[in-house]
Amino acid sequence: MTETGKPVPEVAEDLGINETALASWVSRAKRAEKATPEDQDALTARLTAENAALKKENKELGMERDVLKRCMVLWVKQLRRTRPPWPGRSAATGPSTTSRTPSRAAPWA
C-alpha cells in the first residue's frame, strides 16, 4: 500500500482480512495524517471526555454489581434461617446419612 506499493486487495489477502475493512482503515489513516492541529486537539478532547464518562460508568456498574452480590448473600442467609430444612437434612449438619439403608445407598458409596 503506501510503504510497499502493493494494492489493497493483495495486502488484505496476505493478512487474511476483509478488503473493505482494510480500505476503510487506510482511508482513516490518510485523513488523520492530513488533520490540522486543531482537529487533533478536538479529537483528543472528545476522546478524553468519552474516556472519563466510560470510567465513571464502569465504576458505577462495579458498585451496582457489588451491591447485588451482597444482596444475594443476605437473601440466601435469610432463606436458610426462615426455611425449614429439606426432608432428610438437618439445618446444622447437612445431608443425613443415618436414614439411608444399604438397599437405597448409591452404588458408588
Side-chain angles (χ1 to χ4, degrees):
M1 296 182 328
T2 55
E3 288 127 18
T4 62
K6 288 183 177 181
V8 171
E10 186 179 335
V11 173
E13 185 179 337
D14 291 345
L15 295 173
I17 60 174
N18 187 321
E19 180 183 330
T20 307
L22 181 60
S24 173
W25 296 339
V26 170
S27 175
R28 285 184 194 173
K30 286 180 181 176
R31 276 183 283 164
E33 289 174 359
K34 295 178 183 177
T36 63
E38 294 83 21
D39 293 339
Q40 291 291 342
D41 291 341
L43 176 63
T44 301
R46 184 182 63 81
L47 291 175
T48 301
E50 183 180 356
N51 191 31
L54 290 171
K55 283 183 177 184
K56 181 180 177 184
E57 182 182 4
N58 191 32
K59 185 177 181 180
E60 289 174 2
L61 290 171
M63 288 189 301
E64 287 177 13
R65 182 204 59 223
D66 293 342
V67 167
L68 289 172
K69 278 183 178 180
R70 183 69 183 142
C71 287
M72 184 60 101
V73 168
L74 294 173
W75 180 69
V76 168
K77 284 182 179 179
Q78 181 66 27
L79 274 178
R80 287 183 180 161
R81 274 188 251 138
T82 59
R83 260 185 153 173
W86 292 354
R89 295 180 186 234
S90 68
T93 61
S96 173
T97 56
T98 58
S99 65
R100 194 175 269 185
T101 62
S103 62
R104 293 183 56 208
W108 57 86

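Since this is a predicted model, take the numbers as computed values, not measurements.
- Applying the side chain to side chain donor-acceptor pair (under 3.5 Å) test to residues at least two apart or on different chains, the pairs with a partner in residues 21-38 are Thr36-Glu38, Thr36-Asp39.
- Evaluation of the salt bridge (Lys or Arg N to Asp or Glu O under 4.0 Å) rule for Asp14 yields Lys6 as partners, not counting sequence neighbours.
- With sequence neighbours excluded, the residues satisfying side chain to side chain donor-acceptor pair (under 3.5 Å) with Gln78 are Arg81.
- The salt bridge (Lys or Arg N to Asp or Glu O under 4.0 Å) contacts involving residues 70-79 comprise nothing, where partners must be two or more places apart or lie in separate chains.
- Enclosure of atom CZ in Arg83 is not indicated, since only 12 or fewer non-hydrogen atoms of other residues, nucleotides or ligands lie within 6.0 angstrom.
- Nearest heavy-atom pair, Leu22 versus Val8, reported as atom, atom and distance to 0.1 Å: CD2-O, 3.7 Å.
- In this structure Asn18 satisfies the side chain to side chain contact (heavy atoms under 4.5 Å, CB included) test together with Thr20, Ala21, sequence neighbours excluded.
- Interatomic distance, Leu68 CG to Met63 CE, rounded to the nearest 0.5 Å: 12.5 Å.
- Residues passing the side chain to side chain contact (heavy atoms under 4.5 Å, CB included) test with Leu47, sequence neighbours excluded: Leu43, Glu50.
- Legend: residues meeting side chain to side chain contact (heavy atoms under 4.5 Å, CB included) with Val67, ordered by chain and number and at least two apart, are Cys71.
- With sequence neighbours left out, Thr48 forms a side chain to side chain donor-acceptor pair (under 3.5 Å) with no residue at all.
- Taking a 6.0 Å sphere around CD of Gln40, one finds it holds more than 12 heavy atoms contributed by other residues, nucleotides or ligands.
- Taking CG of Asn51 as the start and OG1 of Thr44 as the end, the distance is 12.0 Å to the nearest 0.5 Å.
- Listed by first and then second residue, the side chain to side chain donor-acceptor pair (under 3.5 Å) pairs that reach into residues 55-64 come to none, sequence neighbours excluded.
- Apart from Leu79 itself, the hydrophobic cluster it occupies contains Met72, Trp75, Val76, where clustering links Ile, Leu, Val, Met, Phe, Trp and Tyr at side-chain heavy-atom distances under 4.5 Å.
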